[in-house]
Amino acid sequence: METFNIPATPSLMKEFLRQMGGTAVIDGGLATVLELHGADLNDPLWSAKCLLTSPHLIRSVHLDYLEAGADIIITASYQATIQGFEAKGFSREQSENLLKKSVDIALEARRIYYERWSKSSSGGTGDGRILKNRPILVAASVGSYGAYLADGSEYSGCYGEAMTVNALKEFHRRRVQVLAEAGPDIIAFETVPNKIEAQAFAELLEEEHIKIPAWLTFNSKDGVNVVSGDSLLQCASIAESCKQVVAVGINCTPPRFIHDLILAIKKVTTKPIVIYPNSGERYDADRKEWVENTGVSDEDFVSYVNKWCEIGASLVGGCCRTTPNTIKAIYRALSDRSPAAPGQK
């Protein structure tokens with residue numbers, strides 16, 4: 001039932017946004033909803049553990065988000081690395097197959113969604129699900145080196161002075177190749193905490209002639225710099241200079257910081273800006289859990305959305321601690337905006 005032809009080239013995102021009327025919705029937290037479905041993620045593999053134990057739950061969460069109005073779903077590969085799987089005793093081939101599986105599950109969820117749409121008679125159902133024939137992108141998630149360490153260092157960017165761009169490229173190289181070969185529409189380099197990892201990702205895309213476009217999203221804890229203290233302007237400039245990067249932005253950052261971060265990114269990029277904050281809750285790296293009641297409600301979160309789009313964001317969703325309810329509220333907020341005329345960006 002997939003009736004949309006969006007080429008996997010550097011023009012992918014602009015064509016996608018043109019078809020979407022200028023703005024699009026990204027999904028929300030994966031691990032958050034997996035846990036609501038009963039998954040136990042107390043493991044260094046985090047949400048990637050479900051690739052082993054309960055892939056049907058991952059597919060179900062993808063469908064939850066599609067039926068909440070998400071136009072882009074992000075695979076369960078954020079914390080999935082070949083090195084992490086091998087540490088669990090899997091062979092290189094098994095590890096690569098698990099990475100591929102994360103993309104396969106998302107592609108299957110998209111196929112099922114289109115089947116459900118084709119059997120429905122309108123743009124929704126009586127139970128509140130949103131069923132629309134629209135372009136849907138699958139984004140293959142690549143988490144930072146800090147995510148693999150599972151020690152919270154993706155929230156600090158402190159990899160030690162010995163870490164280099166070349167070492168990060170070697171860590172990520174095969175993982176990026178496998179995910180690209182699995183056939184997603186885009187690669188999402190997420191929660192990038194420092195400049196050297198942004199540089200490593202940009203160089204990898206060019207060195208390996210990766211044909212799949214990518215986005216780079218950074219995280220911030222002060223609304224000015226990325227979490228390591230590196231300049232956001234310098235990090236976003238790296239993304240701007242790489243032709244395979246088709247969008248740049250911010251994820252897993254409290255909503256209150258997003259406005260100023262968008263304005264900063266706009267100073268150095270002409271590419272679409274992608275924004276998917278967390279709920280604003282604080283993460284305790286020592287206890288490996290989010291501190292409850294430190295975030296904002298769905299209503300407050302969504303109250304920001306139109307303003308973000310007015311000042312430059314084109315793609316908006318949620319990260320940790322957001323749910324399909326958050327995404328449905330974003331979808332409704334963006335649906336209230338007047339769409340761009342056909343042919344306008």
Check: Could you walk me through whether Glu240 and Thr270 pass the side chain to side chain donor-acceptor pair (under 3.5 Å) check?
Finding: CA-CA 7 Å; Glu240 171 69 10; Thr270 58; 3.2 Å; yes

Are [X] and [Y] linked, directly or through other ILVMFWY residues, by side chains that come within less than 4.5 angstrom of each other?
| X | Y | value |
| --- | --- | --- |
| Leu137 | Tyr276 | yes |
| Leu107 | Val142 | yes |
| Leu51 | Ile112 | yes |
| Leu179 | Leu52 | yes |
| Phe218 | Leu168 | no |

What distance do [X] atom [atom1] and [Y] atom [atom2] have between them, rounded to the nearest 0.5 Å?
| X | Y | atom1 | atom2 | result |
| --- | --- | --- | --- | --- |
| Gln177 | Leu99 | CD | CG | 11.5 Å |
| Ile210 | Cys242 | CD1 | SG | 10.5 Å |
| Arg129 | Lys328 | CZ | NZ | 9.5 Å |
| Phe85 | Leu98 | CZ | CG | 4.5 Å |
| Ile196 | Cys235 | CD1 | SG | 10.5 Å |
| Ile186 | Ser141 | CD1 | OG | 12.0 Å |

Please give me the minimum heavy-atom distance between [X] and [Y], naming the atom from each residue.
| X | Y | answer |
| --- | --- | --- |
| Ile212 | Pro184 | CD1-O, 3.5 Å |
| Gly223 | Asp260 | O-CB, 4.0 Å |
| Val246 | Pro213 | CG1-CB, 3.6 Å |
| Leu12 | Asp185 | CD1-O, 3.6 Å |
| Gly157 | Val227 | N-CG2, 4.1 Å |
| Ala239 | Lys271 | O-NZ, 3.0 Å |

Just wondering, do [Y] and [X] contact through their side chains at under 4.5 Å, heavy atoms?
| X | Y | result |
| --- | --- | --- |
| Leu41 | Cys50 | yes |
| Cys252 | Glu190 | no |
| Glu86 | Ile82 | yes |
| Ser237 | Val268 | yes |
| Ile262 | Ile275 | yes |
| Ile187 | Gln244 | no |
| Ser220 | Val226 | no |
| Pro135 | Ile6 | yes |

Note to self: With side chain to side chain contact (heavy atoms under 4.5 Å, CB included) as the test, pick out the partner of Ser47 among Leu57, Leu34, Val33.
What the structure shows: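 It is Leu34; the other options fail the test.
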
Check: When Leu17 is tested against each of Lys14, Glu15, Met13 for side chain to side chain contact (heavy atoms under 4.5 Å, CB included), which residue passes?
Finding: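 Of Lys14, Glu15, Met13, side chain to side chain contact (heavy atoms under 4.5 Å, CB included) with Leu17 is met by Met13 alone.
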
Margin query: Assess whether a salt bridge exists between Arg116 and Glu67, defined as any Lys/Arg side-chain N lying under 4.0 Å from an Asp/Glu carboxylate O.
Written below: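 Looking at Glu67 together with Arg116, the answer is yes, because their closest N to O distance falls below 4.0 Å.
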
Next item on the list: Using a strict 4.0 Å threshold on nitrogen-to-oxygen distance, state whether Glu115 and Arg111 make a salt bridge.
Entry: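 So Glu115 pairs with Arg111 through a salt bridge.
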
Note to self: Run the ring-ring contact (aromatic ring centres under 6.0 Å, His included) test on Phe201 and His172 for me, step by step, so that the C-alpha distance in whole Å, both residues' side-chain angles and the decisive distance to 0.1 Å come before the verdict.
What the structure shows: CA-CA 8 Å; Phe201 287 142; His172 289 293; 4.7 Å; yes

Is there a donor-acceptor pair closer than 3.5 Å between any side-chain N or O of [X] and the backbone N or O of [Y]?
| X | Y | answer |
| --- | --- | --- |
| Thr217 | Ile250 | no |
| Ser120 | Trp117 | yes |
| Asp71 | Val25 | yes |
| Ser228 | Pro193 | yes |
| Arg110 | Ile136 | yes |
| Asn278 | Cys320 | no |
| Ser95 | Ser91 | yes |
| Tyr113 | Lys132 | yes |
| Thr269 | Ile265 | no |
| Tyr159 | Gly146 | yes |

Next item on the list: Give the C-alpha distance, both sets of side-chain angles, the deciding distance and a yes or no for side-chain contact (heavy atoms from CB on, under 4.5 Å) between Val61 and Asp27.
Entry: CA-CA 10 Å; Val61 174; Asp27 64 8; over 6 Å; no

Next item on the list: Return the set of residues passing salt bridge (Lys or Arg N to Asp or Glu O under 4.0 Å) with Arg59 (not counting sequence neighbours), or none when no residue passes.
Entry: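 With sequence neighbours excluded, Arg59 shows a salt bridge (Lys or Arg N to Asp or Glu O under 4.0 Å) to Glu108, given in chain and number order.
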
Item checked: Residues Val176, Phe189; criterion side-chain contact (heavy atoms from CB on, under 4.5 Å); working and verdict -> CA-CA 10 Å; Val176 171; Phe189 294 105; 3.9 Å; yes

Checklist line | Mutual orientation of the aromatic rings belonging to Phe171 and Tyr148 [parallel < 30°, tilted 30-60°, perpendicular > 60°] | finding: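 The arrangement is tilted - the two ring planes meet at 30° to 60°.
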
Checklist line | Polar contact flag, side-chain donor to acceptor under 3.5 angstrom, Glu154-Tyr78 | finding: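 Judged by distance alone, the side chains do pair up.
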
Margin query: Under 3.5 Å, is there a donor on one side chain and an acceptor on the other for Asn251 and Thr191?
Written below: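 Per modelled atom types, Asn251 and Thr191 side chains form a pair under 3.5 Å.
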
Checklist line | Worked verdict on Arg321 versus Thr326 for side-chain contact (heavy atoms from CB on, under 4.5 Å) | finding: CA-CA 9 Å; Arg321 311 296 283 177; Thr326 319; over 6 Å; no

Item checked: Pair listing, salt bridge (charged side-chain N to carboxylate O under 4.0 Å, His left out) test, anchored in residues 221-232, at least two apart ->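 Listed by first then second residue: nothing to list.
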
Next item on the list: Would you mind listing every salt bridge (charged side-chain N to carboxylate O under 4.0 Å, His left out) that reaches into residues 206-218, with sequence neighbours excluded?
Entry: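 Counting only pairs at least two positions apart or across chains, the salt bridge (charged side-chain N to carboxylate O under 4.0 Å, His left out) contacts touching residues 206-218 are Lys169-Glu207, Arg173-Glu207, Arg173-Glu208.
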
Check: Could you walk me through whether Val274 and Ile26 pass the side-chain contact (heavy atoms from CB on, under 4.5 Å) check?
Finding: CA-CA 9 Å; Val274 50; Ile26 306 169; 3.3 Å; yes

